[in-house]
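Residue numbers begin at 1 in each chain, while the letters A, B, ... track the order of the sequences. These values consider heavy atoms only, across backbone and side chains, with no hydrogens, waters or symmetry-generated copies.
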There are 2 protein chains.
Amino acid sequence: MSLPHAILTALLEKPSSGLELTRRFDRSIGYFWSASHQQIYRELGKLEAEGYIRALPAEQPARGQKKSYEVLPAGRAELTRWTAASQDPKPLRDPLLLRLRAAAVVGTAGIEADLRHHLHLHRRQLAEYEEIQQRDFPPGSHTPQNRLQHLILRAGIDLETFWTRWLMDALEEFERLPAQDPPSRDSTV
Amino acid sequence: MSLPHAILTALLEKPSSGLELTRRFDRSIGYFWSASHQQIYRELGKLEAEGYIRALPAEQPARGQKKSYEVLPAGRAELTRWTAASQDPKPLRDPLLLRLRAAAVVGTAGIEADLRHHLHLHRRQLAEYEEIQQRDFPPGSHTPQNRLQHLILRAGIDLETFWTRWLMDALEEFERLPAQDPPSRDSTV
DNA sequence: CCCCACATGTAATCCGTTACATGATTAT
DNA sequence: ATAATCATGTAACGGATTACATGTGGGG
């Protein structure tokens, strides 16, 4: 149940139309909560029906016309409630680690190239975060709001740093590994 | 599309019944790909229908009776194919970071206790991983298979280490923060 | 005999993804 | 006029979660 609250947060920061939200979910907020435009439009409809947001009164009927939304008091209250409520962290779910585990059983053929690909993408993301850090959080800029935002960004930076290092480790391990492909302790195949 | 492959991997390691798989998904494999028993039973049905696995012939008809499965050659082939195929990493999705961002808008009241709770859980998970490391990967035990498994475990350890550190950082930040709750630059509420 | 744990499932709902549809505006 | 682009949606599907249902076997 996070998407509606992500949208409420974005709309509080700045009232927007569906497409503008979609754009913003490709940057800032999307760095840790992505969403497609279909999800966003559907959710905007629900939020409006529940009385959490409303369309800005600019008299646009329907399709093809821009339609901006703003948060109503009930929406802000709901977001406040959700922010303060306790939630358990979800267990980790990572396809790449799963694939490595599978590779330990059926052989590592082909996986190395993909590790390189992942490494490339994580490096790029890390560079993007570091650019943002230099631009938006120069040393000595700390209002309370800034501190929180910077804390969030640092999580992103540290996570990408972890993945980058771990993937380099993994690739090193693979180079040292005998290139044998299927361990095949199971010879029935 | 990872669950069926997680199940195939688990069944290759050891033929099992649905409940046994559920148990194993609460430990080892579940550390990076969790699944409920409902998901597992449904998926076992599909995998059997597709000819990837079969029930071990022990003549059990239906409900209440144990029913074990083993992987067929087609299943192993499919797992091999999937392991080698390239996949893009999914963008990060983390409700806690989202909540912090929301807190920067509607106030940080109540969130600190939950950060402590998360910290506790991550510390516990880290301790569990480290125990496994000492038990299963003592220094000097490196068959190729072991190296891969250890690599995967190290990812878990490093991730939990990251979260533990980051949460301690965050809590420190909160203590330094003025205890004001709603920044409320928006006074229309 | 009854209850509980073991074991296997079904049903309803929600969320996310993919593909497609439609209207309005602007440039050529 | 027409094509491209902006903008808002619909429909269909599949995976995950939650709640519930059903049957077996053993201990008290």
- side-chain hydrogen bond (donor to acceptor under 3.5 Å, both in side chains) contacts in which one or both residues fall within residues 154-168 of chain A, not counting sequence neighbours: H122(A)-E160(A)
- Within the modelled atom types, does a donor on one side and an acceptor on the other bring the side chain of R42(B) and the base of dG14(D) under 3.5 Å apart? no
- Message: Any N or O donor-acceptor pair under 3.5 Å from the base of dA7(C) to the side chain of R23(B)?
- Response: no
- Query: Should the pair E20(A)-R24(A) be classified as a salt bridge under the 4.0 Å nitrogen-to-oxygen rule?
  - Reply: no
- Query: Charged N to carboxylate O below 4.0 Å: is that the case for R116(A) and E112(A)?
  - Reply: yes
Can you tell me the distance, in whole Å, between the [atom1] atom of [X] and the [atom2] atom of [N]?
X: L47(B); N: dG9(C); atom1: CG; atom2: C1'; value: 16 Å
X: L19(B); N: dC6(C); atom1: CG; atom2: P; value: 8 Å
X: H37(B); N: dA7(C); atom1: NE2; atom2: C1'; value: 9 Å

- Note on the structure: Testing dC15(C), dA7(D), dG9(C) for proximity to the side chain of M1(A), the answer is dC15(C)
- Message: Which is more 5' along DNA chain C, the nucleotide nearest G18(B) or the one nearest R93(B)? Just name the residue.
- Response: G18(B)
Please determine if a side-chain N or O atom of [X] lies less than 4.0 Å away from the OP1 or OP2 oxygen of [N].
X: K46(B); N: dG15(D); answer: yes
X: S17(B); N: dA7(C); answer: no
X: Q38(B); N: dG9(C); answer: no

- Message: For A35(A), give me all partners under side-chain contact (heavy atoms from CB on, under 4.5 Å), at least two apart in sequence or on another chain.
- Response: L3(A), F25(A), Q39(A), I40(A)
